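Worksheet: the structure to be examined is printed underneath.
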Amino acid sequence: MLSKMRRRTTLKFIPLLLSGGAGLSMINSVEAQGKSQHTWWKEAIVYQVFIRSFADSNGDGIGDFRGLLNRLDYLKNLGVTVLWLNPHYDSPNVDSGYDIRDYRKVNSDFGTMEDFEALMAGAHARDMKVIVDLVVNHTSDQHIWFQKSRSSRDNPYRDYYIWRDGKNGGLPNNYPSFFGGKAWQNDSKTGQYYLHYYERCQPDLNWDNPKVRQEVHDIMRFWIARGVSGFRMDVIPFISKPAGLRDLTIEELQDPSVVFANGPHLHTYLHEMNQKVLSPHNAMSVGEAFGVSYAQTPLFVSQQRKELDMIFHFDTARVGRKDWETRPWTLQELKETITEDDRSTGPDGWTTSFLENHDNPRAVSRFGDNSPASAKALSLLVMGRRGTVFIFQGQEIGMTNISFDKIEDFEDVNAKGIWADTVGRGTHSANAVLTELRQTSRDNARTPMQWNNTTTGGFTTGTPWFRLNPNTDRINVAAQELDSSSVLSFYRQIISFRKSHPVLVYGTFHDIDPQNPNIFAFTRTLDNNQILIFINLTAQSQAWALPAEINLGKILLNTHVVKPMGRTLSLAPWQGCITAISS
Ligand code: ISL
Ligand code: CA
């Protein structure tokens with residue numbers, strides 16, 4: 001409820017933001033939705049690799065570039081066309097590489113620059129593109145810029161970061177950090193505070209300084225020159241800081257991301273980046289749009305504005321969540337987020353389709369019942385809707401959440417911050433927080449990839465950096481390779497189906513039974529071609545009466561062997577189909 005209210009309030013920002021750029025009238029005048037221009041990145045099947053946990057080639061227990069290179073044939077076979085690498089840069093790894101020490105060096109845990117280049121060559125030899133994470137809202141406190149910046153108030157790098165005096169003997173303002181505690185850290189060397197939206201070792205860059213922007217553009221060019229085809233941009237809406245850095249109100253404190261994502265120069269900086277780097281190099285861009293409402297989406301993705309190609313909204317993947325806590329949810333609500341997301345792009349924008357990434361638990365544990373059948377049903381949801389497809393390593397074999405007994409079982413700085421802010425302050429019991437973190441923790445997605453049924457899952461010959469899910473004895477690539485009814489086999493099938501049916505990529509999306517609490521049924525339409533997709537998203541059998549205007553045509557893809565027939569279809573638990581529609 002609260003998040004809905006907030007979404008509406010943010011509408012009022014639009015005219016303000018649009019005043020500097022293209023107006024909505026311009027956006028409305030472009031070609032109708034569904035006729036969108038054909039582009040490689042709209043058709044892409046992007047596979048996200050959390051390198052540390054994918055495949056270890058040298059037995060040190062940490063996934064690496066060579067390990068990934070050795071598995072490229074597996075990904076090619078799956079139908080992947082683009083790899084998205086989580087941060088591959090030099091980093092002290094406090095936040096899994098989202099704390100970058102040197103943007104021009106690779107993480108030595110993952111190999112050398114030569115290894116990275118071999119990986120790029122291997123991907124290109126297989127016609128796969130590679131995009132990398134661009135983490136430029138903040139750096140590591142070990143970055144040379146920050147080292148210089150903190151050294152004195154008049155150092156030329158001082159203005160690369162955001163330094164303020166304290167106020168009335170306290171912090172400069174009341175901003176909280178996303179990883180617990182406050183967003184300001186006093187630095188004894190100069191007596192001022194620096195801003196950090198994330199961990200205190202992740203100081204925020206000052207994008208109002210043109211030198212910082214120039215540095216970022218140069219870093220992008222550096223990686224483009226090494227063969228990178230685009231960027232996934234980390235918390236990119238946060239780069240322009242709110243004017244005056246005033247205190248947040250009590251209501252704003254409920255979700256600071258809304259204020260942080262509405263800085264006054266955000267769209268100027270994105271447009272500049274587009275004109276200086278993205279457009280000239282034809283580089284693809286996808287922004288992580290934390291804090292951005294659906295109403296604001298066209299500001300980022302309308303092609304005419306020349307900012308980003310697409311953004312990630314979290315509402316679908318995070319239905320049933322309030323931050324790190326769970327809350328009851330319904331299928332109607334999930335479907336509503338998908339419809340809103342689909343419409344939010346406006347007539348000439350584009351969106352993304354995903355249920356998993358390195359910041360979210362496993363979809364099959366969250367929206368399914370951990371069964372292979374539910375993993376297949378969810379794949380139909382991801383591949384069936386409009387938007388560039390992003391799948392996260394292990395999703396294609398139905399990897400599940402892992403069980404955590406105690407706080408020491410977690411690796412993630414985020415989980416530790418939540419613990420300190422709650423159990424540490426006596427506001428919640430250890431048991432209550434553990435119960436929630438078990439379901440929502442980012443660590444659920446970060447366990448090593450399950451290649452085979454041995455105790456190290458074929459991930460490493462050494463000791464894995466993070467526990468493997470013991471269910472690798474049942475859920476693993478080797479077993480599924482041999483089984484034509486496996487989740488992996490279904491992913492191969494549905495990816496190949498999507499590639500050979502442009503209606504699945506470009507067709508308009510229409511939810512034909514939005515109130516149905518058990519079944520998600522929608523059509524996709526491109527010119528004269530229309531298909532129907534229906535998915536039983538429950539663990540029970542369901543009967544679904546076809547809407548009067550629809551006559552079932554040929555079944556084109558089915559998660560089960562049994563074919564639904566008649567006007568009232570009997571669907572097995574988690575059964576889903578793609579069918580033609582006959583006139
Ligand atoms: O995952 C979250 C908390 O559960 C989000 O608040 C998350 O911090 C937000 O989506 C931004 O995520 C990105 O930036 C972070 C990094 O830790 C995440 O891994 C990254 O995806 C800081 O760089
Ligand atoms: Ca290794």
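Atoms within each ligand, like the ligands themselves, are counted from 1 in listed order. Note that this is a predicted model, so its numbers are computed, not measured.
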Where the Ca ion (ligand 2) is the vertex, angle from Ile62 O to Asp64 OD2 to 10°
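Rounding to the nearest 10 degrees gives 90°.
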How many degrees, to 10°, between Asn58 OD1 and Asp60 OD1 as seen from the Ca ion (ligand 2)?
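It is 80°, given to the nearest 10°.
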Under 3.5 Å, is there a donor-acceptor pair linking the side chains of [X] and [Y]?
{"X": "Gln48", "Y": "Asn86", "answer": "yes"}
{"X": "Glu436", "Y": "Thr326", "answer": "yes"}
{"X": "Asn107", "Y": "Ser91", "answer": "no"}

Which residue from [options] reaches closest to [atom] through any of its heavy atoms?
{"atom": "atom 11 (C) of ligand 1", "options": "Phe238, Tyr198, Phe312, Trp324", "answer": "Tyr198"}
{"atom": "atom 12 (O) of ligand 1", "options": "Arg318, Glu288, Arg232", "answer": "Glu288"}
{"atom": "atom 6 (O) of ligand 1", "options": "Phe178, Phe290, Tyr197, Phe179", "answer": "Phe290"}

So which heavy atom on Asn70 is nearest to which on Ser57, and how close?
ND2-CB, 4.2 Å
Need the ligand 1 atom indices (1-based, order shown) with element for anything under 4.0 Å from a heavy-atom of [X].
{"X": "His358", "answer": "18 (C), 19 (O), 20 (C), 21 (O)"}
{"X": "Arg442", "answer": "1 (O), 16 (C), 17 (O), 18 (C), 19 (O)"}
{"X": "Arg446", "answer": "19 (O)"}
{"X": "Phe314", "answer": "10 (O)"}
{"X": "Val235", "answer": "11 (C), 14 (O)"}
{"X": "His138", "answer": "22 (C), 23 (O)"}

Would you check if the side chain of [X] reaches a backbone N or O of [Y] as a donor-acceptor pair within less than 3.5 Å?
{"X": "Asp421", "Y": "Gly181", "result": "yes"}
{"X": "Thr447", "Y": "Asn469", "result": "no"}
{"X": "Arg66", "Y": "Ala118", "result": "no"}
{"X": "Asn444", "Y": "Arg438", "result": "yes"}

Quick one: which of Lys416, Arg200, Arg442 gives a salt bridge (charged side-chain N to carboxylate O under 4.0 Å, His left out) with Asp95?
Arg442
Honestly, for Asn414 the part within reach of ligand 1 (heavy atoms, under 4.0 Å) is side chain
Using non-hydrogen atoms of the residue, decide whether Glu199 is closer than 4.0 angstrom to ligand 1.
no
Name the closest protein heavy atom to [atom], giving the residue it belongs to and the distance to 0.1 Å.
{"atom": "atom 16 (C) of ligand 1", "answer": "Asp95 OD2, 3.4 Å"}
{"atom": "atom 13 (C) of ligand 1", "answer": "Asp234 OD1, 2.8 Å"}
{"atom": "atom 21 (O) of ligand 1", "answer": "Asp359 OD2, 2.5 Å"}

Under 3.0 Å from the Ca ion (ligand 2) - does any N, O or S atom of Asp109 fall there?
no
So, applying side chain to side chain contact (heavy atoms under 4.5 Å, CB included) with Val292, which one of Asn262, Ile236, Ile311, Leu299 is it?
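For Val292, the side chain to side chain contact (heavy atoms under 4.5 Å, CB included) test succeeds with only one of Asn262, Ile236, Ile311, Leu299, which is Ile311.
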Of Gln395, Gln393, Met128, which meets side chain to side chain contact (heavy atoms under 4.5 Å, CB included) against Tyr47?
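By the side chain to side chain contact (heavy atoms under 4.5 Å, CB included) criterion, Tyr47 pairs with just one of Gln395, Gln393, Met128: Gln393.
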Asp56 atom (N/O/S) at minimal separation from the Ca ion (ligand 2):
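Atom name returned: OD1.
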